[in-house]
Chemist: 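Here it is, the structure in full.
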There are 2 protein chains.
Amino acid sequence: MDKKEWSVFEARAKIIKALSHPARLFIVEELQNGELCVNELRDMIGFDMSTISKHLSILKNAGIVDDRKEGTTSFYYLRVPCILKFFGCIREVMESNARQSNEIMKSCNLKFK
Amino acid sequence: MDKKEWSVFEARAKIIKALSHPARLFIVEELQNGELCVNELRDMIGFDMSTISKHLSILKNAGIVDDRKEGTTSFYYLRVPCILKFFGCIREVMESNARQSNEIMKSCNLKFK
DNA sequence: TGCCTATTTGGTAAAATAGCCAAATATTAA
DNA sequence: TTAATATTTGGCTATTTTACCAAATAGGCA
């Protein structure tokens with residue numbers, strides 16, 4: 001594959017990678033309902049504030065969120081709402097996986113409790 | 001956050017993480033056009049065959065692709081076509097990023113060549 | 001059986017990621 | 001100016017990821 005084409009896939013992967021962590025997924029999902037500051041997210045998620053701050057900077061660096069300063073507080077918000085369409089698809093994958101597991105269980109004559 | 005809720009985000013993150021590598025994105029995109037074997041993908045991407053095989057197993061493990069054996073050959077195919085909707089959104093993020101860079105350039109009186 | 005082809009698996013080294021703590025920065029209030 | 005608050009940054013360690021090579025596995029065919 002040529003270098004130029006590969007760099008397109010790298011750029012896409014960078015954005016997706018920014019979403020590939022539970023804390024960051026949680027943040028994106030929460031920001032649907034409006035902006036939040038680092039403090040508030042820390043209280044919801046429970047990691048160290050510095051950890052949350054770094055997750056936010058990864059999302060910001062990917063262009064998924066942006067921030068707005070007010071005094072000493074940084075309010076983060078979703079910059080690209082279409083990200084939310086992602087979740088529908090992820091859900092489909094999970095349901096499809098569950099269906100498959102279910103069939104395997106059945107074929108072994110097992111049942112979910 | 002409670003443990004159970006967190007595990008949902010972990011499950012989602014696992015699926016997204018499976019997509020967060022340029023080779024794996026390339027594979028998914030190629031599989032839109034029909035199934036391919038490891039060999040063919042190796043020729044297109046250029047990594048070692050064992051590397052490709054491992055990328056495929058990550059995608060399979062996430063439930064995104066599945067395989068069908070024919071003799072010694074494994075044909076891989078997309079199991080969940082909705083994955084493709086992802087790319088539209090990724091593109092939007094990239095365009096939005098480009099727009100922003102462009103505005104920063106402008107505000108510095110610079111232009112793209 | 002023994003060889004050839006296609007793929008997977010195990011091992012390993014280098015790089016990236018994630019979390020915490022402590023320290024630095026910045027803004028507001030006293 | 002000093003103190004208090006909100007956030008970011010640097011440093012460190014532990015873990016995970018990635019890619020290669022070599023070896024193992026499996027099917028098809030002479």
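Every chain is numbered from 1 and lettered A, B, ... according to where its sequence line falls, protein lines coming before strand lines.
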Chemist: Test of understanding: with side-chain contact (heavy atoms from CB on, under 4.5 Å), list the residues that count as partners of Lys54(B), not counting sequence neighbours.
Modeler: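 Counting only residues at least two positions away or on another chain, Lys54(B) forms no side-chain contact (heavy atoms from CB on, under 4.5 Å).
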Chemist: Who passes salt bridge (charged side-chain N to carboxylate O under 4.0 Å, His left out) against Arg79(B), sequence neighbours left out?
Modeler: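 Salt bridge (charged side-chain N to carboxylate O under 4.0 Å, His left out) check on Arg79(B) returns nothing, list empty.
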Chemist: Please examine the side chains of Glu30(A) and Asn33(A), heavy atoms only from C-beta on, and report whether any two atoms are closer than 4.5 Å.
Modeler: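 The answer is yes, as the side chains (C-beta and beyond) meet within the 4.5 Å cut-off.
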Chemist: Got a salt bridge between Arg91(A) and Glu95(A), using NZ or NE/NH1/NH2 to carboxylate O under 4.0 Å?
Modeler: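 A salt bridge is present here (some side-chain N lies under 4.0 Å from a carboxylate O).
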Chemist: Answer with yes or no whether the hydrophobic clustering places Ile58(B) together with Leu25(B); edges join I, L, V, M, F, W, Y residues whose side-chain heavy atoms lie under 4.5 Å apart.
Modeler: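 They do not share one cluster, since no chain of ILVMFWY contacts under 4.5 Å joins Ile58(B) to Leu25(B).
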Chemist: Can you pull out every ring pair (Phe, Tyr, Trp, His ring centres under 6.0 Å) where at least one residue sits in residues 56-85 of chain B? Sequence neighbours excluded, please.
Modeler: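 Sorted result for residues 56-85 of chain B: empty, none.
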Chemist: Can you sort out which residues in residues 48-64 of chain A have a heavy atom within less than 4.0 Å of DNA chain D? Ascending by number, please.
Modeler: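 Within residues 48-64 of chain A, the residues near DNA chain D are Met49(A), Ser50(A), Ser53(A), Lys54(A).
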Chemist: Identify, residue by residue, the members of residues 35-45 of chain A with a heavy atom below 4.0 Å from DNA chain D, and return them in order of residue number, or none.
Modeler: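 Those residues whose heavy atoms fall under 4.0 Å from DNA chain D, taken from residues 35-45 of chain A in numerical order, are Cys37(A), Val38(A), Asn39(A).
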Chemist: By a strict heavy-atom criterion of less than 4.0 Å, which residues belonging to residues 66-78 of chain A are in contact with DNA chain C?
Modeler: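 Within this stretch, Gly71(A), Thr72(A) sit under 4.0 Å of the strand.
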Chemist: Indicate the atoms forming the closest heavy-atom contact of Arg24(B) with Lys17(B), along with that distance.
Modeler: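 Closest approach of Arg24(B) to Lys17(B): NH2-O, 3.2 Å.
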Chemist: Could you work out, with salt bridge (charged side-chain N to carboxylate O under 4.0 Å, His left out) as the rule, every residue matching Glu35(B), not counting sequence neighbours?
Modeler: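 Residues passing salt bridge (charged side-chain N to carboxylate O under 4.0 Å, His left out) with Glu35(B): Arg68(B).
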Chemist: Can you spot which of Val65(A), Leu31(A), Leu56(A) makes a side-chain contact (heavy atoms from CB on, under 4.5 Å) with Leu36(A)?
Modeler: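 Single pass found, and it is Leu31(A).
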Chemist: At a heavy-atom distance below 4.0 Å, what parts of residues 17-30 of chain A sit against DNA chain C?
Modeler: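 When residues 17-30 of chain A is checked for heavy atoms under 4.0 Å from DNA chain C, the hits, listed by number, are Lys17(A), His21(A), Arg24(A).
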Chemist: Hydrophobic cluster membership, with links at side-chain heavy-atom distances under 4.5 Å among I/L/V/M/F/W/Y: are Leu41(B) and Met1(A) in one?
Modeler: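 Linked, Leu41(B) and Met1(A) end up in one cluster.
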Chemist: Can you tell me how far apart CG (Asn39(A)) and OG (Ser53(A)) are? Round to the nearest 0.5 Å.
Modeler: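 Result: 11.5 Å between the selected atoms.
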Chemist: How many whole angstroms separate atom CH2 of Trp6(B) from atom P of dA18(C)?
Modeler: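 One finds 11 Å between P of dA18(C) and CH2 of Trp6(B), rounded.
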Chemist: Mind checking what makes salt bridge (charged side-chain N to carboxylate O under 4.0 Å, His left out) contact with Arg12(B), not counting sequence neighbours?
Modeler: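 For Arg12(B) the salt bridge (charged side-chain N to carboxylate O under 4.0 Å, His left out) partners, ignoring immediate neighbours, are Glu29(A).
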Chemist: Which two nucleotides bound the region of DNA chain D that has atoms under 4.0 Å from heavy atoms of chain B, read 5' to 3'?
Modeler: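 Both ends considered, the range comes out as dT17(D) to dG28(D).
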Chemist: What pairs meet the ring pair (Phe, Tyr, Trp, His ring centres under 6.0 Å) rule with one or both residues in residues 48-67 of chain A, with sequence neighbours excluded?
Modeler: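 Only His21(A)-His55(A) qualify under ring pair (Phe, Tyr, Trp, His ring centres under 6.0 Å).
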Chemist: Does Arg99(A) have any salt bridge (charged side-chain N to carboxylate O under 4.0 Å, His left out) partners at least two apart in sequence or in another chain, and if so, which?
Modeler: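 Not a single residue meets the salt bridge (charged side-chain N to carboxylate O under 4.0 Å, His left out) criterion with Arg99(A).
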